[in-house]
2 protein chains.
Amino acid sequence: MKENECPLYSSKIMLSIGDALEAVNGKWRIKIIAALLDEPKRFKQISNLIDGITDRMLSIELKKLEINLLVQRTSKYSSQAEYELTDHGRSLKPLIMELMNWGKLHREKVIGKQEVL
Amino acid sequence: MKENECPLYSSKIMLSIGDALEAVNGKWRIKIIAALLDEPKRFKQISNLIDGITDRMLSIELKKLEINLLVQRTSKYSSQAEYELTDHGRSLKPLIMELMNWGKLHREKVIGKQEVL
DNA sequence: CCGCATCCGCTATGATACTG
DNA sequence: CAGTATCATAGCGGATGCGG
């Protein structure tokens, strides 16, 4: 039975979706990963790329990403730490691409036409 | 300039990601869409497919999905309403597939190996 | 300047009971 | 069956300020 053809609402599927959401959900984590997709960056660089994020949230979310083995912190010296994606983190790239494309589409279709959400 | 080659952290990209996340974020909305991917369903059917969701949350999230034009409610009679995805909602299918596959991978790689998050 | 901790309000989510 | 109303609460996220 091919995975992609089996009932979309099976509980195994829901479980997988739940797992993925847990690792990645919230306002910031996807954006942090997107910011790191091309190359390792330092705290402040990431912070500058993500509009609206506070140091506090960036710090917290980076930690969660480390726990989930998506981001690896390479502390050279103190105050010189760099953050980079693990291979596993990089495996999110297709997902992020999809999200990006869909977001563009969604903006065109829905946002702006109704001024809400 | 090809979209997939341009800097991943450009603010336009971040904006798209933000738009997508807004439409879809939270614990439940992706799962609700997944539950509706194959065919229209009624309130209770959806609720039964999504482990842990309460009537209250399902009601609230369905409303948000309607506002974002992802789900359409076809009220036949009262107490016989059906929910189905709009075309726009269906356009999330590749994203959900990606999420699902990645979630499976993530569970194998990370969850269970460390019992956390 | 870099990252993190404390304090705190607010929003998202939950439990439960109720209505048509 | 298909929701809504009320109440409670954990965690998110912002402001600010501390310690390298």
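- Counting non-hydrogen atoms under 4.0 angstrom, B:Gly26 reaches the backbone sugars and phosphates but no base.
- At distances below 3.5 Å, at least one donor-acceptor pair connects side-chain atoms of B:Lys41 with backbone N or O atoms of B:Ala35.
- Rounding to whole angstrom units, CD1 of residue B:Ile60 and C1' of D:dG3 are separated by 11 Å.
- Look at CD1 on B:Ile32: it is 14 Å from C1' on C:dA12, rounded to the nearest Å.
- In this structure, the side chain to side chain contact (heavy atoms under 4.5 Å, CB included) partners of B:Glu61, at least two apart in sequence or on a different chain, are B:Trp28, B:Arg29, B:Ile32, B:Met57, B:Lys64.
- Taking CG of B:Leu85 as the start and CD1 of B:Ile33 as the end, the distance is 6.5 Å to the nearest 0.5 Å.
- Listed pair A:Tyr83 / C:dC2 fails the phosphate criterion, with no side-chain N or O lying under 4.0 Å from OP1 or OP2.
- Of the candidates C:dG14, D:dC12, C:dC4, D:dC12 carries the atom nearest the A:Lys64 side chain, counting heavy atoms from C-beta on.
- By the side chain to side chain contact (heavy atoms under 4.5 Å, CB included) test, A:Asp51 is found to be paired with no residue, residues two or more places apart in sequence or in another chain being considered.
- Within the 4.0 angstrom heavy-atom criterion, only backbone atoms of the sugar-phosphate kind lie near B:Glu61; the bases stay farther away.
- The separation between B:Leu62 atom CG and D:dA2 atom P is 11 Å, rounded to whole Å.
- Protein atom NZ of A:Lys27 is 15 Å distant from nucleotide atom P of C:dC10, rounded to whole Å.
- Closest to the side chain of B:Lys63, out of D:dA2, D:dG14, D:dT4, is D:dT4.
- With sequence neighbours excluded, the residues forming a side chain to side chain contact (heavy atoms under 4.5 Å, CB included) with A:Pro94 are B:Glu98, listed by chain and number.
- Contacts of B:Arg56 classified as side chain to side chain contact (heavy atoms under 4.5 Å, CB included), with partners at least two apart in sequence or in another chain: B:Thr54, B:Ile60.
- At whole-Å resolution of the value, CG in B:Leu58 and C1' in D:dC1 are 13 Å apart.
- Nearest to the side chain of A:Trp28, among D:dG14, D:dG3, C:dT13, sits D:dG14.
- Each of C:dT13, D:dC1, C:dC4 was ranked by its minimum atom distance to the side chain of A:Arg73; first place goes to C:dC4.
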Could you list all N or O pairs between the protein and nucleotides 16-20 of chain C that sit under 3.5 Å apart?
residue, atom, partner, partner atom, Å
C:dG20, N2, B:Ser79, OG, 3.1

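- Looking at residues two or more places apart in sequence or on another chain, you find a side chain to side chain donor-acceptor pair (under 3.5 Å) between B:Arg90 and B:Asp87.
- Between B:Met57 atom CE and C:dT11 atom P there is a gap of 15 Å when expressed in whole angstrom units.
- Residue B:Ile46 contributes atom CD1, which lies 13 Å from atom C1' of D:dC1 at whole-angstrom precision.
- In this structure, the nucleotide among D:dC12, D:dC1, C:dC4 sitting nearest to the side chain of B:Arg42 is D:dC1.
- Atom NZ in B:Lys41 sits about 17 Å away from atom C1' in D:dA2, given to the nearest Å.
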